[in-house]
There are 2 protein chains.
Amino acid sequence: MQIKTDQLVELSEVFKLLGDPTRLRILLTCLEQEMTVGEIVTASEASQSLVSHHLRLLRAARLVKPRREGRHIYYRAHDDHIRCTLKDMIEHVQEEEDMV
Amino acid sequence: MQIKTDQLVELSEVFKLLGDPTRLRILLTCLEQEMTVGEIVTASEASQSLVSHHLRLLRAARLVKPRREGRHIYYRAHDDHIRCTLKDMIEHVQEEEDMV
DNA sequence: GCTAAATATGAATAGTTGTTCATATGTATA
DNA sequence: TATACATATGAACAACTATTCATATTTAGC
């Protein structure tokens, strides 16, 4: 498996972002539908400030994208690749659970 | 996307492990063939001690598995799921590169 | 413009993590 | 058993990160 160093670093940065449970939960919350920040706060059970900090990191890495609508900002997973990859991995984790 | 908290934590722990470039490089080095620790040290350009520390974490998370043969210990990615998932993501990163 | 609602930002901090250095353990061969 | 080789471990530390608290910004409606 050959990969250039900068691509490897880029990839590891994405993994690092997914490597925090709170942030992962935030991403999963808006994986398949748009969600306002407030809704994400409620669903993720994290503070408003923390959610906002994490969303900024996810945004910077293009893992989510925002859409403004009046006072609300809707977030959603950035693209299909992210959606598919994460769904696959979750399914895998859940299948393993069955085997135990 | 519904997922139990402990599964989410488990998943984020895997991502966290992949989230360090040195460790990711180590894993990729033994993704498709068995490699001795020494070979991994050379290929990853990290110190013997550091490689060993990282291998321990990867082992504990069942991302790699060791096989002893005399004085050498061969490591390899633990299973096909890990191999496939990582190969897919690397291909994706490399395709994105082409588009820029 | 003023107020309330929704979201973002900055500073501060406690806890974690990657790395190094020195040393230990295990294994083969002489 | 002594020596060399291969790998693992433990302590120590600097750098980083998640979180909180307080405050700022943006927007809508009055």
Side-chain angles (χ1 to χ4, degrees), chain A residues 5 8-30 33-78, chain B residues 5 8-30 33-78:
Chain A
T5 298
L8 181 132
V9 170
E10 189 188 327
L11 191 56
S12 72
E13 277 166 3
V14 172
F15 284 134
K16 184 174 288 179
L17 284 172
L18 303 178
D20 176 73
T22 307
R23 201 159 44 218
L24 184 56
R25 166 129 276 157
I26 288 170
L27 177 55
L28 294 184
T29 301
C30 60
Q33 334 86 36
E34 283 190 326
M35 290 283 214
T36 69
V37 177
E39 288 168 334
I40 295 173
V41 167
T42 305
S44 67
E45 299 179 71
S47 74
Q48 182 271 316
S49 172
L50 183 54
V51 168
S52 195
H53 279 298
H54 281 313
L55 281 174
R56 180 153 56 117
L57 296 174
L58 293 171
R59 226 189 308 139
R62 297 177 160 276
L63 288 173
V64 299
K65 62 181 173 191
R67 182 178 65 85
R68 175 143 233 154
E69 196 176 308
R71 277 193 290 208
H72 294 266
I73 297 182
Y74 287 87
Y75 278 90
R76 193 184 179 210
H78 193 277
Chain B
T5 300
L8 181 132
V9 169
E10 189 189 327
L11 190 55
S12 73
E13 277 165 2
V14 172
F15 284 134
K16 185 174 287 179
L17 284 171
L18 303 179
D20 176 72
T22 308
R23 202 158 45 219
L24 183 57
R25 166 129 277 156
I26 288 170
L27 177 55
L28 294 184
T29 301
C30 60
Q33 335 85 37
E34 282 190 328
M35 290 284 214
T36 68
V37 177
E39 289 169 333
I40 295 172
V41 168
T42 305
S44 66
E45 300 179 70
S47 75
Q48 182 271 317
S49 173
L50 183 54
V51 168
S52 196
H53 279 297
H54 281 313
L55 282 173
R56 181 154 55 118
L57 296 174
L58 293 171
R59 227 189 307 139
R62 297 175 160 277
L63 288 174
V64 299
K65 62 181 172 192
R67 182 178 65 84
R68 175 145 234 152
E69 196 175 307
R71 277 193 289 209
H72 295 266
I73 298 181
Y74 288 87
Y75 278 91
R76 193 183 179 210
H78 193 277

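So that the names make sense, note that chain A is the first sequence line, chain B the second, and so on, each numbered from 1.
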S.K.: Holding to salt bridge (charged side-chain N to carboxylate O under 4.0 Å, His left out), I want the full list of residues that pass it with A/E34, two or more places apart in sequence or in another chain.
M.R.: A/R67
S.K.: side-chain hydrogen bond (donor to acceptor under 3.5 Å, both in side chains) with B/R59: which residues, sequence neighbours excluded?
M.R.: B/Y75
S.K.: Starting at CZ of A/R25 and ending at C1' of D/dT19, how long is that distance when rounded to a whole Å?
M.R.: 18 Å
S.K.: Between the protein and nucleotides 20-22 of chain C, which nitrogen or oxygen pairs are less than 3.5 angstrom apart?
M.R.:
{"unit_1": "C/dT20", "atom_1": "O4", "unit_2": "B/H53", "atom_2": "NE2", "d": "3.4"}
{"unit_1": "C/dC21", "atom_1": "N4", "unit_2": "B/S49", "atom_2": "OG", "d": "2.6"}

S.K.: What does A/Y74 touch in the nucleic acid at a heavy-atom separation under 4.0 angstrom: a base, only the sugar-phosphate, or nothing?
M.R.: nothing
S.K.: Any side-chain to backbone donor/acceptor pair from B/S52 onto B/Q48? Under 3.5 Å, distance only.
M.R.: no
S.K.: Hey, can you pull the residues of residues 15-24 of chain A with a non-hydrogen atom under 4.0 angstrom from DNA chain D?
M.R.: A/K16, A/D20, A/T22, A/R23
S.K.: Go through the steps to decide whether B/R68 and B/I73 satisfy the test side chain to side chain contact (heavy atoms under 4.5 Å, CB included), and finish with yes or no.
M.R.: CA-CA 4 Å; B/R68 175 145 234 152; B/I73 298 181; 3.9 Å; yes
S.K.: Determine to 10° how strongly the helix from C/dG1-D/dC30 to C/dA30-D/dT1 is bent, judged from the axes of its five-pair ends.
M.R.: 20°
S.K.: In this structure, how many angstroms lie between the C1' atom of D/dT9 and the CG atom of B/L55, rounded?
M.R.: 13 Å
S.K.: What is the separation between atom CD on B/E34 and atom P on D/dT7, rounded to the nearest whole Å?
M.R.: 12 Å
S.K.: Whole Å only: how far is the CE atom of B/M35 from the P atom of D/dT7?
M.R.: 13 Å
S.K.: Grab the N/O contacts between the protein and nucleotides 25-30 of chain C below 3.5 Å, and write none if there aren't any.
M.R.:
none

S.K.: If you find the nucleotide of DNA chain C closest to B/L57 and the one closest to A/R59, which residue's nucleotide is nearer the 5' end?
M.R.: A/R59
S.K.: Expressed in angstrom and rounded to an integer, what is the separation of A/E13 atom CD from D/dT17 atom C1'?
M.R.: 14 Å
S.K.: Just N and O in the side chain of A/H54: are any of them under 4.0 Å from OP1 or OP2 of D/dT19?
M.R.: yes
